[in-house]
Amino acid sequence: MRTLTLTLLLATVLVAAAKSKGASRSTLGYRECKDIKDDYRNIKEKGMKWIKPKPLSAICGVDGECPDVEELANGHCGFGIRELAAGKWVSTELDESDGDQKYNRAFMRLFSYISGTGNDQGVNIPMTSPVVTQTNLDENYQQNGGSMHFYIPTEFQENPPNPTNEDVEIEDWDDVIVYYRSFGYKGLYVSPEVWKREFGHLARSIVAAGLSSDWSRAITGTFTQPGVSDQRHEAMFVARGHYSYYYEPSEYSWNDARGYKECKRYPNTVKPKAVESACGNYAQCPAVEDMASNGCGYGTRDIKAGSWASTDILASDGDDRYVSAFMRLFNYIRGENEDSQEIEMTIPVITKSYLDENYEEKKATMHFYLPPEFHENPPAPTDDLVEIEEWVDTVVFYRTVGDYDENSDVKALWEKEFTILVDVLEKAEESFYPYMAVTATFTRPGYGQQRHEAIFLQWDEEEEE
């Protein structure tokens, strides 16, 4: 019996059945996104129409046993989040030589095991739900083998019979968190087009939530017999670093999320992601020390000395200048350096805009922080446009931005925040350097809860830049 650190999953949780005509959260297991609902309404082809799934409460413990699961907190739309408890599953590989019959023959190998003819004790093991199929995907998202699995019921978990077919084995699955979408179907087998649609909605919803998955495994769960009128199927991906990426805004007050107390004259818009939920969770940040501020509307921190990879943002790159600068730095940490050393991505991505006396930009640069293990001897860049800079301890003043997505008017947004930052700093009688506007990006714009910062450096007027 081999141990399998679960790469799959199956969905199962006892949710209350929906009584309304539409699919409620209790039927799906999550809140549906408006754009997906609109997409379904526009479908004209009969075989592609979305159908409400059978509730799990009418399957698990009714039609048969399901594995133990826990539904996790979920403030997002378009998918559910579950933790599947560890347990034993009987499994078999899909045999590509079986051609179109590979799923049927895999099913029959597992069914033979539970029916008694395929296990060494000759015992009949009750059928459970769901039937899980994992499809392995290559780098081009093409099918590259797969497997099928039945959950072993509780009474046989401790000491299941051994399979007599060498192509069937017992696997121990660890606890695993999965993201899933559920749907019903009218017909014998779900069409590839429907599966493709549901996996597409699932992947886009996960990415939009700022979460990450193992995209190399597409997992399906079938809870009901093929062809019955009331069906439930689920498309799933295994979560990657769920507790690092997952963020619940309600856990933070506005002041805690921002990092400072807002001035009453500036109303709340969109709550930013708290910095502590990003730094040290899914990415490393430079060491900082929070400091007391003299007024409202901004935070103060001391960014500690460290090494940064830097590049100029070139006007000659036109509209692609920021992307081009980012890719130069990204290629450096991806291994395009003299040591061919891969370096972990950190946050935030820093952009500096150097301003003339009329506050017009005359130069701009972009910067990635290097993790501490590279401070003493960072790999030398192979790109002449990338260099390593050593930054000293620097006190900065910042304002956070939460309302930032792919449709934002970025220039207007930053102008607004820097104008407010100037106002609050002047009212607090802070001394700051107005000829360098710095932005810090902690999150990918348009994906999940956002945190960006507008920054000015503290200025000792007795020292010249």
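Predicted, not measured: the structure shown is a model, and the values here were computed from it. We number each residue from 1, following the sequence as shown.
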Check your understanding: Hey, does Ile343 have a side-chain heavy atom less than 4.5 Å from the side chain of Pro371?
Key -> yes
Check your understanding: Asp35: what forms a salt bridge (charged side-chain N to carboxylate O under 4.0 Å, His left out) with it, not counting sequence neighbours?
Key -> none
**Study point:** Test side chain to side chain contact (heavy atoms under 4.5 Å, CB included) applied to Tyr40 and His201, step by step
**Key:** CA-CA 11 Å; Tyr40 287 151; His201 285 318; 3.8 Å; yes
**Study point:** Residues in side chain to side chain donor-acceptor pair (under 3.5 Å) contact with Asp98, at least two apart in sequence or another chain
**Key:** Arg105
Review point. Within the side chain of Lys273, is there an N or O that forms a donor-acceptor pair under 3.5 Å with the backbone of Thr443?
Key: no
Review point. Are any non-hydrogen side-chain atoms of Arg232 and Leu56 less than 4.5 angstrom apart?
Key: yes
Study note, to complete from the structure: The side chain to side chain donor-acceptor pair (under 3.5 Å) partners of Lys352 (sequence neighbours excluded) come to none
**Study point:** Note, Ser205 side chain near Ile36 side chain (heavy atom, < 4.5 Å)
**Key:** yes
Practice item. Please check if the side chain of Ser129 supplies one atom and the backbone of Phe223 the other of a donor-acceptor pair under 3.5 Å. Key: yes
Review point. Do you see a donor-acceptor pair shorter than 3.5 Å between the side chains of Asn255 and Ser253?
Key: no
Exercise for review: Please examine the side chains of Leu72 and Ile177, heavy atoms only from C-beta on, and report whether any two atoms are closer than 4.5 Å.
Suggested key: yes
**Study point:** Point-to-point distance, once rounded to the nearest 0.5 Å, from CZ of Arg451 to OG of Ser277
**Key:** 8.0 Å
Exercise for review: Verify, without hydrogens or angle tests, whether Ser112 (side chain) and Met108 (backbone) share a donor-acceptor contact under 3.5 angstrom.
Suggested key: no
Check your understanding: Thr439 versus Ser353: any side-chain heavy-atom pair under 4.5 Å?
Key -> no
Check your understanding: Gln449 side chain to Lys271 main-chain N or O, any donor-acceptor pair under 3.5 Å?
Key -> yes
Point to revise | Under 3.5 Å donor-acceptor, Asp38 side chain and Asn42 backbone | key: no
Review point. Would you say Arg334's side chain and Leu329's backbone share a donor-acceptor pair under 3.5 angstrom?
Key: no
Review point. Does atom CD of Glu158 have more than 12 heavy-atom neighbours, drawn from other residues, nucleotides or ligands, at distances under 6.0 Å?
Key: no
Exercise for review: Grab the two heavy atoms, one from Tyr369 and one from Thr346, that are nearest each other, plus how far apart they are.
Suggested key: O-OG1, 2.7 Å
**Study point:** Within the 6.0 Å centroid threshold, strictly below: Tyr180 and His233
**Key:** no
Check your understanding: Is it true that atom NZ of Lys49 has more than 12 heavy atoms of other residues, nucleotides or ligands lying nearer than 6.0 Å?
Key -> yes
Check your understanding: So does Gln121 have more than 12 non-hydrogen atoms from other groups sitting under 6.0 Å from CD?
Key -> yes
Check your understanding: What do you reckon, is CD of Glu373 surrounded by more than 12 foreign heavy atoms closer than 6.0 Å?
Key -> yes
Practice item. Could you pull out the closest heavy-atom pair between Ala325 and Ile313, with the gap in Å? Key: CB-CG1, 3.9 Å
Practice item. May I ask you to test the Phe442-Pro272 pair for a side-chain heavy-atom distance under 4.5 Å? Key: no
**Study point:** Partner set under side chain to side chain donor-acceptor pair (under 3.5 Å) for Asn268, not counting sequence neighbours
**Key:** Arg258
Exercise for review: Mind checking the CG-CD1 spacing from Leu370 to Ile333? Nearest 0.5 Å is all I need.
Suggested key: 8.5 Å
Please list, one pair per line, the donor and acceptor atoms closer than 3.5 Å that link side chains of residues 150-157 to other protein atoms, with sequence neighbours excluded.
{"unit_1": "Thr154", "atom_1": "OG1", "unit_2": "Glu65", "atom_2": "OE2", "d": "2.3"}
{"unit_1": "Gln157", "atom_1": "OE1", "unit_2": "Lys88", "atom_2": "N", "d": "2.8"}
{"unit_1": "Gln157", "atom_1": "NE2", "unit_2": "Lys88", "atom_2": "O", "d": "3.0"}
{"unit_1": "Gln157", "atom_1": "NE2", "unit_2": "Ile152", "atom_2": "O", "d": "2.6"}

Review point. Closest heavy-atom contact between Ala283 and Met345?
Key: CB-O, 4.1 Å
Practice item. Please collect all disulfide bond (SG atoms under 2.5 Å apart) contacts where either partner lies in residues 67-133, sequence neighbours excluded, each pair once. Key: Cys33-Cys77
Exercise for review: Output every pair passing side chain to side chain donor-acceptor pair (under 3.5 Å) with a member in residues 311-327, not counting sequence neighbours, ordered by first then second residue.
Suggested key: Thr311-Arg328
Review point. Does the side chain of Arg181 reach to within under 4.5 Å of the side chain of Glu32, using non-hydrogen atoms?
Key: yes
Point to revise | Side-chain donor or acceptor of Gln231 paired with backbone N/O of Gly187 under 3.5 Å | key: yes
Check your understanding: With Asn104, which residues qualify under side chain to side chain donor-acceptor pair (under 3.5 Å), at least two apart?
Key -> Gln101
Check your understanding: Taking only residues two or more places apart in sequence, or in another chain, which ones meet Asp100 in a salt bridge (charged side-chain N to carboxylate O under 4.0 Å, His left out)?
Key -> none
Check your understanding: Does any N or O in the side chain of Thr92 come within less than 3.5 Å of the main-chain N or O of Ala106, such that one atom is a donor and the other an acceptor?
Key -> no
Exercise for review: Drop me the distance from Ile347's CD1 to Cys279's SG, to the nearest 0.5 angstrom.
Suggested key: 4.5 Å
Revision key, fill the gap. Interatomic distance, CG@Asp63 vs OG1@Thr128, rounded to 0.5 Å, equals 12.0 Å
Exercise for review: Check the angle between the aromatic planes of Phe326 and Phe368 and answer parallel, tilted or perpendicular using the 30° and 60° thresholds.
Suggested key: perpendicular
Review point. Mind checking whether Phe79 and His76 have parallel, tilted or perpendicular rings, split at 30° and 60°?
Key: parallel
Review point. Could you give the distance from CE (Met366) to OG1 (Thr441), rounded to the nearest 0.5 Å?
Key: 8.0 Å
Check your understanding: Asp138 and Asn140: which non-hydrogen atoms are nearest, and at how many Å?
Key -> OD1-N, 2.8 Å
Exercise for review: Would you please name every residue forming a salt bridge (charged side-chain N to carboxylate O under 4.0 Å, His left out) with Lys416, sequence neighbours left out?
Suggested key: none
Check your understanding: Ala235 and Glu198: which non-hydrogen atoms are nearest, and at how many Å?
Key -> CB-CB, 4.3 Å
Exercise for review: Could I get the full list of salt bridge (charged side-chain N to carboxylate O under 4.0 Å, His left out) partners for Glu336, not counting sequence neighbours?
Suggested key: none
Check your understanding: Looking at Tyr398, does the NZ or CZ of Arg301 lie under 6.0 angstrom from its six-membered ring centre and within 45 degrees of the ring axis?
Key -> yes
Revision key, fill the gap. Applying ring pair (Phe, Tyr, Trp, His ring centres under 6.0 Å) to Tyr185 and not counting sequence neighbours gives none
Review point. Would you say the side-chain atoms of Asp120 and Asn162 include a donor-acceptor pair closer than 3.5 Å?
Key: yes
Check your understanding: Do you see a donor-acceptor pair shorter than 3.5 Å between the side chains of Glu171 and Trp173?
Key -> yes
Review point. Looking at Pro379 and Tyr332, what are the two nearest heavy atoms and their distance?
Key: O-OH, 2.5 Å
Review point. Is a donor on one side and an acceptor on the other found under 3.5 Å between the side chain of Ser310 and the backbone of His367?
Key: no
Review point. Ignoring hydrogens and geometry, is there a side-chain-to-backbone donor-acceptor pair from Asn165 to Arg109 under 3.5 Å?
Key: no
Practice item. Answer with yes or no after comparing the ring centroid distance for Phe237 and Trp215 against a 6.0 Å cut-off, counting only values under it. Key: yes
**Study point:** Gap separating the CD1 atom of Ile219 from the CG atom of Leu202, nearest 0.5 angstrom
**Key:** 10.0 Å
Point to revise | Contact check, side chains of Leu110 and Met148, non-hydrogen atoms, under 4.5 Å | key: yes
